[in-house]
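Below you will find the structure I want to go over with you.
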Amino acid sequence: MKEAASTTIRQIYRQPGEYYDKKVSLSGWIRNNRNSKAFGFIELNDGSFFKTLQIVFESENLENFKDIAKLGVGTAILVEGVLVETPNARQPFEIKASSIQVEGSSPSEYPLQKKRHSFEFLRTIAHLRPRTNTFSAVFRVRSLLSYAIHQFFREREFVYVHTPIITGSDAEGAGEMFHVTTLDLKNAPLTEKGEIDFSKDFFGRETNLTVSGQLTAEAYALAFRNVYTFGPTFRAENSNTARHAAEFWMIEPEMAFADLQDDMELAEDMVKYIFEYVLQHAPEEMEFFNSFIDKGLLERLENVITSEFGRITYTEAVEILMKNNDNFSYKVEWGIDLQTEHERYLTEEIFKKPVFVINYPKEIKAFYMRLNDDNKTVAAMDLLVPGIGEIIGGSQREERLDFLDQRIQELGMKEEDYWWYRDLRKYGGTRHAGFGLGFERAIMYMTGMSNIRDVIPFPRTPNSAEF
RNA sequence: UCCUCAGUAGCUCAAUGGCAGAGCAUUCGGCUGUUAACCGAAGGGUUACUGGUUCGAGUCCAGUCUGGGGAGCCA
């Protein structure tokens, strides 16, 4: 067996001058193989780069020409040859092969073809779909976007906090939770009341998968000033939509000595920064999305990066929306939660760019959001973007213990469940603020992909956890 | 969970209630510069499942399952 090649197709595309008329050795997978009697062409993808490199093979140079000509899509091969310029052809250069060896064959039942497949079909072969153009582009962008987020916060000296995945708090309040247990479900210990006795469970109490790292991130913000979390999040909601998954990733920055204005500035800076980063570092992938997935994509992203995001209060938004009530299936009035149709009208028709809606009625928002002086609204903000709707939700947190306790009481929650969260207010509490960005929603917005199942390698949704 | 649409060859899709089809893929053959190459031939079907209407059902009806889209919940 020959050694695997040291040259990558990415290196060749980035600096072709270094390789012209020189012998290189490559390794990769066949995307397409077409040939006639005495010569043939292989489109080779080696995983390092979005585009393929064309390999020319001829019967006079290859003693195994007939075998190579029969190789199917997906075959893993080792190639040696010289890189030559092809100024008159569709591709800029190609390899004239002197040797091609098979490392791993790919029989004829290989499900991927050199044609367009539906995303629905590709979801059923999630282990093979990263070998297609679209998913190759999606998951390289996902990786770059992840890196951009870390780089953004590191440049601003934020501390990266690993908040727990398994939480002992059943009070995070952001949605239905997955239980974590080692109890035997068929024979669980019971209390005298006949309920499951979690004191016998692994942790000696009831535990769940986290639905948000926010509450614990607040604890670290009140020590490090500026922190962020970036990790998996779990919601057991029976949500069957293109925008929801049971397992997804979330970015949650939290800043001490910061108010809602600071929060919005951070969100706007972050969105612009990470989008710009990906545009710079994955130009081929972004060009592909713009051509084949979403024709207006690059223009829209450019609009996000260059425009100043709109800002409007909930009350002002309701006034605007009420003028258009005839066209909504859910009529707008002060106090209702905005529906997707309302959010999209605001960002797509009124502002035509991303817009923050702030100061929502306290009744429709979480208990920890800071009460405004009007006693009716809280210092919350949602960032709405064209095409998606809500992509970020955040708020200034209630730092006044007496106000927080009052909300806990009003909502029928128990103070003792929040003993440590209340401590944060008791000892050196400061104004502080943060937000949550759905990582997959950011990817969807960046790529134009319209289903969250197509931006997660192996997505988990109700009734679906294959692989 | 609700509404809605769909399920036919490996894939993408046709077929007025009347013989089960095409393109791609696969196999074989041809072709001296291809670009999802091209040309010729062959193989490939429990029409998602169960029941019903009918002389006759892929097509109509009922139920079930699976998937898509929309809504709610939200990120």
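Below, chain A is the first sequence line, B the second, and so on; all start at residue 1.
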Base, sugar-phosphate or nothing for A/Asn451? Non-hydrogen atoms, less than 4.0 Å.
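Sugar-phosphate: the residue A/Asn451, judged by heavy atoms under 4.0 Å, touches backbone atoms but no base.
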
Reckon A/Ser108 touches a base, only the sugar-phosphate, or nothing at all at heavy-atom distances under 4.0 Å?
sugar-phosphate

Would you kindly compare A/Ala245 and A/Val56 by the position of their nearest RNA chain B nucleotide and give the one closer to the 5′ end?
A/Val56

Whole Å only: how far is the NZ atom of A/Lys66 from the P atom of B/C31?
10 Å

Take A/Lys365 and A/Asp382 through the salt bridge (Lys or Arg N to Asp or Glu O under 4.0 Å) test and state the conclusion after the steps.
CA-CA 11 Å; A/Lys365 288 294 183 183; A/Asp382 283 356; 3.3 Å; yes

Using a 4.0 Å heavy-atom cut-off, does A/Arg116 contact any base of the nucleic acid, only the sugar-phosphate backbone, or nothing at all?
base

Just checking A/Glu94: base, sugar-phosphate only, or nothing, at a heavy-atom cut-off of under 4.0 Å?
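Base contact.
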
Taking atom types as modelled, find out whether A/Tyr330 and A/Glu341 have a side-chain donor-acceptor pair closer than 3.5 angstrom.
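Distance-only check fails for A/Tyr330 and A/Glu341.
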
Describe the nucleic acid contact of A/Thr241 in one word from base, sugar-phosphate, nothing, applying a heavy-atom distance below 4.0 Å.
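Base contact.
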
Go through the side-chain N and O atoms of A/Tyr13 and A/Glu284 and say whether any donor and acceptor fall under 3.5 Å apart.
no

Taking only the side-chain heavy atoms of A/His117 (C-beta and beyond), determine which of B/C11, B/G33, B/C31 contains the nearest atom.
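Nearest nucleotide to the side chain: B/C11.
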
Side chains of A/Tyr345 and A/Asn327: do they bring a donor and an acceptor to under 3.5 Å?
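Not at all, the side chains of A/Tyr345 and A/Asn327 share no donor-acceptor pair under 3.5 Å.
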
Expressed as a whole number of Å, how far does the P atom of B/C3 sit from that of B/A20?
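After rounding to an integer number of Å, I get 37 Å for this pair.
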
Which atoms of nucleotides 7-10 of chain B (N or O only) lie under 3.5 Å from a protein N or O atom, and what are those distances?
unit_1	atom_1	unit_2	atom_2	d
B/G10	N2	A/Gln113	OE1	3.1
B/G10	N2	A/Gln113	NE2	2.4
B/G10	N3	A/Gln113	NE2	3.3

Starting from P on B/G30, measure out to NZ on A/Lys70 and report it in whole angstrom.
11 Å

Under 4.0 angstrom, heavy atoms only, what part of the nucleic acid is A/His244 near: base, sugar-phosphate, or nothing?
base

Whether A/Glu43 and A/Arg34 form a salt bridge (side-chain N of Lys/Arg under 4.0 Å from carboxylate O of Asp/Glu) is what I want to check.
yes

If you look at every strand shown and take non-hydrogen atoms under 4.0 Å, does A/Glu390 touch a base, only sugar-phosphate, or nothing?
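Counting heavy atoms under 4.0 Å across all strands, the contact made by A/Glu390 is with sugar-phosphate only.
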
What integer number of Å spans the C1' atoms of B/G17 and B/C55?
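Going atom to atom, C1' in each nucleotide, I get 12 Å.
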
Looking at B/G68, I'd like to know if its phosphate oxygens (OP1 or OP2) sit under 4.0 Å from a side-chain N or O belonging to A/Arg123.
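Yes, because at least one side-chain N or O of A/Arg123 sits under 4.0 Å from OP1 or OP2 of B/G68.
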
Which whole number of Å gives the distance between the P atom of B/A22 and that of B/G45?
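Comparing P positions in B/A22 and B/G45 gives a spacing of 14 Å.
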
Considering all heavy atoms, the nearest A/Ile312-A/Ile320 contact:
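Taking A/Ile312 first and A/Ile320 second, the nearest heavy atoms are CD1-CD1, 3.6 Å.
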
When the distance from CZ of A/Arg34 to C1' of B/A36 is rounded to whole Å, what number comes out?
8 Å

Verdict with reasoning, A/Glu254 to A/Tyr220, per side-chain hydrogen bond (donor to acceptor under 3.5 Å, both in side chains):
CA-CA 9 Å; A/Glu254 193 73 32; A/Tyr220 272 67; over 6 Å; no

Does either side chain, that of A/Glu265 or that of A/Gln261, offer a donor lying less than 3.5 Å from an acceptor on the other one?
no

Report the distance from atom CD1 of A/Ile251 to atom P of B/C74, rounded to the nearest whole Å.
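It is 20 Å, rounded to the nearest whole Å.
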
Determine the interatomic distance between C1' on B/C11 and the same-named atom on B/U26; round to the nearest Å.
12 Å

Sugar-phosphate only, base, or nothing, as touched by A/Arg31 at under 4.0 Å among non-hydrogen atoms:
nothing

Atom CD of A/Glu58 and atom P of B/C31: how far apart are they, to the nearest Å?
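So the CD-P distance, A/Glu58 to B/C31, works out to 17 Å.
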
A/Lys362/A/Glu398 ion pair, N-O < 4.0 Å
no

Would you classify A/Gln339 as touching base, sugar-phosphate or nothing, given that sugar-phosphate means primed atoms plus P, OP1 and OP2, and contacts are heavy atoms under 4.0 Å?
sugar-phosphate

For RNA chain B, consecutive-pair runs of 3 or more (Watson-Crick or G-U wobble, both H-bond-type distances under 3.5 Å) give B:1-7 with B:65-71, B:10-13 with B:21-24, B:26-30 with B:38-42, B:48-52 with B:60-64

Would the base of B/C73 count as contacting A/Ser239 through its side chain, where contact means a donor and an acceptor less than 3.5 Å apart?
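Per atom types, the contact qualifies.
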
Atom CZ of A/Phe292: over 12 foreign heavy atoms under 6.0 Å:
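No - once you tally the heavy atoms of other residues, nucleotides and ligands closer than 6.0 Å, there are 12 at most.
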
Separation of B/G68 P from A/Arg453 CZ (nearest whole Å)
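Those two atoms, CZ and P, are 5 Å apart.
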
With a 3.5 Å cut-off and just heavy-atom distances, do the side chain of A/Lys37 and the base of B/G33 make a donor-acceptor pair?
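No.
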
Cut-off 3.5 Å, side chains only: do A/Asn372 and A/Thr377 have a donor facing an acceptor?
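Yes, because at least one side-chain N or O of A/Asn372 sits under 3.5 Å from a partner of the opposite role on A/Thr377.
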
Base, sugar-phosphate, or nothing: which does A/Leu112 touch, judged by heavy atoms less than 4.0 Å apart?
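Nothing: the residue A/Leu112, judged by heavy atoms under 4.0 Å, touches no strand.
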
Looking only at atom P, what distance separates B/C24 and B/C38, rounded to whole Å?
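The same atom, P, in both gives a distance of 7 Å.
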
Rounded off to whole Å, could you give me the CE-to-P distance for the A/Met444 and B/C74 pair?
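So the two atoms are 18 Å apart, to the nearest Å.
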
When the P atoms of B/U46 and B/U53 are compared, how many Å lie between them, rounded to an integer?
26 Å

Distance between the C1' atoms of B/A25 and B/C19, in whole angstroms?
27 Å

Any salt bridge (charged side-chain N to carboxylate O under 4.0 Å, His left out) involving residues 126-148 of chain A? Give me the pairs, sequence neighbours left out, ordered by first then second residue.
A/Arg129-A/Asp454, A/Arg140-A/Glu285, A/Arg142-A/Glu440

Provide, to the nearest angstrom, the distance between the CG atom belonging to A/Asn238 and the C1' atom belonging to B/C74.
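Going from A/Asn238 (CG) to B/C74 (C1'), I get 14 Å.
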
Euclidean distance for C1', B/U16 against B/U59 (whole angstrom):
10 Å

